[in-house]
Amino acid sequence: MRVLFCLVLAFGLAAADQYCLSEMTRSDERISKHGYPSESHEVVTEDGYVLTLFRIPYSHKLGNQNAKRPPVLLQHGLFSNSDCWLTSGPDHSLAYLLADAGYDVWLGNARGNIYSRANNLISLNSPKFWHFDWHEIGTIDIAAMIDYILEKTGFSKVHYAGHSQGTTVYLVLMSERPEYNDKIASGHLLAPCAFFEHGRSAIFRWLGPLVGTPGGIWNTVLVDTELIPRNNLINRVVDNSCGTGSPFDSICKNGFLMFANGGYQNTNISSMQQMIETHPAGSSSNQGIHYLQLWASHEFRQYDWGTKKNRELYGQELPPDYDLSKITAQTHSYSSQNDALCGPKDVDTLVSKFVHLAEDHRVPWESFNHLDFIVAKNMRELVNDLVVERINKYESR
Ligand SMILES: *[C@@H]1O[C@H](CO)[C@@H](O)[C@H](O)[C@H]1NC(C)=O
């Protein structure tokens with residue numbers, strides 16, 4: 001009850017936001033605080049979105065600025081941003097581990113999140129700004145980021161790692177624009193999300209039936225709007241509630257981790273607290289609706305606009321499937337038993353659609369859940385070290 005009261009209070013006071021501005025640490029500041037060189041780049045997409053890419057060009061520990069440094073692109077999940085690759089610090093977070101292994105590390109930010117909230121052609125206040133989904137993030141944003149990185153670095157291929165939605169957009173791009181497979185040195189999918197038939201998170205049960213089928217009232221109301229924007233006051237309330245032993249600890253554990261829905265025994269709480277500063281980071285409602293559609297349909301396919309608009313857009317009544325057999329890039333999957341969103345049975349389905357998957361790795365830790373790939377205390381030994389090792393192999397290092 002108290003949790004509910006506080007959340008209502010936070011939303012109610014959202015108007016007073018400007019009086020409570022809390023400091024927000026940007027990804028590039030986080031990086032330089034640890035002594036690493038950091039850069040910020042802007043990539044403009046063909047439809048006008050201005051995306052921020054952060055970069056750790058080399059490691060100050062190695063002093064390898066003049067050495068050959070193959071590029072790696074890291075892409076965050078839904079409601080997230082580039083900070084997710086940084087908040088556990090140099091000893092645990094993947095971005096630093098890769099930099100210290102000699103790579104040129106680029107951190108992507110999808111359209112609509114706090115670092116990519118601008119469009120040269122459309123106002124942020126227009127519903128048109130939010131008329132996108134992870135289909136466009138994959139086919140347009142990730143493609144633009146890859147091209148930009150290759151142009152800047154002179155390499156012909158980039159290594160890619162994504163978490164959650166960061167894996168969905170990879171699958172979308174590689175199947176919809178298969179020519180991009182040639183630009184991938186290797187792909188690493190952490191908690192890969194494409195099929196949701198067996199998703200056991202409460203999110204699916206609560207929202208799936210209401211939002212997962214096209215044409216319903218909820219769909220019409222929700223479409224093309226910003227979903228859970230970042231709000232300073234809410235972020236602060238949640239932030240202060242997440243310390244161990246604080247009276248509102250349960251907001252953090254039940255509310256924020258609701259998305260993970262698999263417990264918090266592996267969670268690095270101080271990393272989580274840093275994440276909360278810039279999360280949720282902003283996304284379009286269509287991204288969430290589209291995922292719920294996949295849960296309802298059991299298919300990995302394009303956005304369902306209802307029969308009439310589907311016929312106009314796709315030339316068929318149902319949206320077309322993403323053809324995963326088109327993926328030829330060397331792709332490694334890392335999934336876990338206790339993932340309530342993208343669990344083992346749905347990973348089985350995903351794996352079965354590949355003509356060639358380089359690796360189907362199952363994390364051998366029973367309680368490891370969806371968010372643990374980003375904030376677990378043991379994610380280095382269970383996941384990140386493996387990713388670095390695999391990439392090293394491709395580079396014969
Ligand atoms: C937990 O996160 C903090 C904050 O970034 C970091 O300093 C620490 O090394 C992390 N520990 C583990 C075990 O992940």
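As the structure lists them, so they are numbered: ligands from 1, and atoms in each ligand from 1.
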Checklist entry - Residues in side-chain contact (heavy atoms from CB on, under 4.5 Å) with A194, at least two apart? => result L171, F300, L350

Next on the checklist: If the test is ring-ring contact (aromatic ring centres under 6.0 Å, His included), which one of H356, H159, H188 qualifies with H332?
Outcome noted: H188

Checklist entry - Using the benzene-type ring in the case of Trp, are the ring centres of F79 and H279 under 6.0 Å apart? => result no

Checklist entry - Atom CZ of R111 and atom CZ of F132: how far apart are they, to the nearest 0.5 Å? => result 6.5 Å

Checklist entry - Heavy atoms under 4.0 Å from ligand 1: which residues qualify? => result T87, S88, G89, H92, N268, S270, S271, Q274, K377

Checklist entry - Which residues, ordered by chain and number, are linked to V44 in its hydrophobic cluster, where ILVMFWY side chains connect at heavy-atom gaps below 4.5 Å, directly or through other members? => result V50

Item to check | Residues in side-chain contact (heavy atoms from CB on, under 4.5 Å) contact with H92, at least two apart in sequence or another chain | outcome: S88, M379, R380

